[in-house]
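Numbers restart at 1 for each chain; the letters A, B, ... are given by sequence-line order, proteins then strands.
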Protein chains: 2
Amino acid sequence: MNAIKILSDYKMSRTNGRVKILEELLMTDVALSERELQTRLEGICDRATIYRTLKSLTSKGVIHKIATESTVAKFVIKKTPDDHIHFKCTDCGRIQCLTGIVPNNVKLPEGYIKKETNFLIIGICKECSENVQ
Amino acid sequence: MNAIKILSDYKMSRTNGRVKILEELLMTDVALSERELQTRLEGICDRATIYRTLKSLTSKGVIHKIATESTVAKFVIKKTPDDHIHFKCTDCGRIQCLTGIVPNNVKLPEGYIKKETNFLIIGICKECSENVQ
DNA sequence: ATATTTTTGCAACACTGTCGCAAATATCAT
DNA sequence: ATGATATTTGCGACAGTGTTGCAAAAATAT
Ligand SMILES: [Zn+2]
Ligand SMILES: [Zn+2]
Ligand SMILES: [Zn+2]
Ligand SMILES: [Zn+2]
């Protein structure tokens, strides 16, 4: 995937900031916060611009915001439109999409209508559990 | 369940604020934020006290914090220690525990260790879907 | 190249959550 | 009940996140 192509596909003006933000997001499979993006971009654009870009990319469905118990929002490229599970490591703090496994269908009680899911498993990631040994 | 008994069980000093906060939480099955508690308690105690109480009740396992994509933390009485699913209604905004259904076991990839889960389903709740008709 | 539209940076803002500290309150031991 | 001790509270200050209005800047369309 290519940052410039995505912007043109979604009819978003191709500005320097947006290209760089998207390139950072495309480069990693770990969810990033605005703050983390800002340090990676070394102040190439303003906080407000990053927030605005994250918001529009989310509404277009290019990235998605991961629900966690923390107050800082984290965003990651959406590789598949399907429901999937997120994993948060308590050791390294990284949050990523687990695309391999599929969340089993849960049957909601009568009257409830599902729109989307936000499944998060908290634990120790592969890398951190290997480093312990 | 009784607020005063809970405090004594967990060896927490029985202060007016704590009793009132717990009573509010026991009274509803909808997750509440600090802000919502404050308005319900009509300023019976300080913001900081509410935050501190929510924190200690969470660490004792009396209540739990629900992970959502929003930045405000919501807390609800923990009725069961088991994994369960939360439901957030996009219409009325309410968040509640779905204790009836059990999240099916997902098999994590090699090397990943699960500690806890945070499953959230977003959609329309029973009450709101009935009101539409 | 110019006109039009969109986006940016800045500053200000509201809000959430945390912390130190002195005063207030609760608990404990007589 | 009284006083000693331990815990909690309210207050104010603070850091951090995310949003917005607005003029300047940049991108797109003509
Ligand atoms: Zn890890
Ligand atoms: Zn994901
Ligand atoms: Zn509803
Ligand atoms: Zn719950």
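- Contact check on B:K60 versus B:D9 returns no salt bridge, with no Lys/Arg side-chain nitrogen under 4.0 Å from an Asp/Glu carboxylate oxygen.
- Residue-level contact check: B:L7 touches neither bases nor backbone, having no heavy atom under 4.0 Å from any strand.
- In this structure, A:C45 and B:T71 both approach DNA chain C, and ranking their closest nucleotides by distance from the 5' end singles out A:C45.
- Residue A:E34 contributes atom CD, which lies 9 Å from atom C1' of D:dG18 at whole-angstrom precision.
- Atom P of nucleotide D:dG10 and atom CG of B:N16 are separated by 9 Å, given to the nearest angstrom.
- Checking the phosphate oxygens (OP1, OP2) of D:dG10, a side-chain nitrogen or oxygen of B:T49 falls inside 4.0 Å.
- Distance, A:L57 CG to D:dG18 C1': 16 Å, rounded to whole Å.
- Backbone-only engagement by B:I44 is indicated by non-hydrogen atom pairs under 4.0 Å involving sugar-phosphate atoms exclusively.
- For the pair A:R52 and B:D46, both in contact range of DNA chain D, the more 5′-proximal nearest nucleotide belongs to B:D46.
- When rounded to the nearest whole Å, the span between CD of B:Q38 and C1' of D:dG10 equals 12 Å.
- Closest contact between the side chain of B:Y51 and the listed nucleotides D:dT28, C:dT16, D:dT7 involves C:dT16.
- Remark: the A:T68 side chain and the A:K88 side chain contain no N/O donor-acceptor pair separated by less than 3.5 Å.
- When each of B:M12 and B:A48 is assigned the nucleotide of DNA chain C bearing its nearest heavy atom, the one mapping closer to the 5' terminus is B:A48.
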**Item:** Check against side-chain contact (heavy atoms from CB on, under 4.5 Å), A:V62 and A:L25
**Value:** CA-CA 10 Å; A:V62 177; A:L25 289 164; over 6 Å; no

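- A salt bridge is defined here as a Lys NZ or Arg NE, NH1 or NH2 lying under 4.0 Å from an Asp or Glu carboxylate O, and B:R52 with B:D46 fails to meet this definition.
- B:F75 places its CZ atom 7 Å from the P atom of C:dG17, with the value rounded to the nearest Å.
- Listed candidates were D:dT9, C:dT7, C:dT16. Nearest to the side chain of B:R18 is D:dT9.
- Proximity of A:T15 to the phosphate of C:dT8: a side-chain N or O atom is located under 4.0 Å from OP1 or OP2.
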**Message:** Let's go through A:R18 and A:M12 carefully: what are the C-alpha distance in whole Å and the side-chain angles of both, what is the deciding distance for side-chain contact (heavy atoms from CB on, under 4.5 Å) to 0.1 Å, and is it a yes or a no?
**Reply:** CA-CA 9 Å; A:R18 283 179 178 172; A:M12 296 172 70; 3.7 Å; yes

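- The phosphate of C:dG17 has neither OP1 nor OP2 within less than 4.0 Å of any side-chain N or O from B:K55.
- One can place CG of A:L41 at 15 Å from C1' of C:dT8, the figure rounded to the nearest angstrom.
- Between B:I50 atom CD1 and D:dT9 atom P the separation is 11 Å, expressed in whole Å.
- As a whole-Å value, the separation of A:E36 CD from D:dT17 P is 10 Å.
- Looking at heavy-atom distances under 4.0 Å, A:R47 makes contact with a base.
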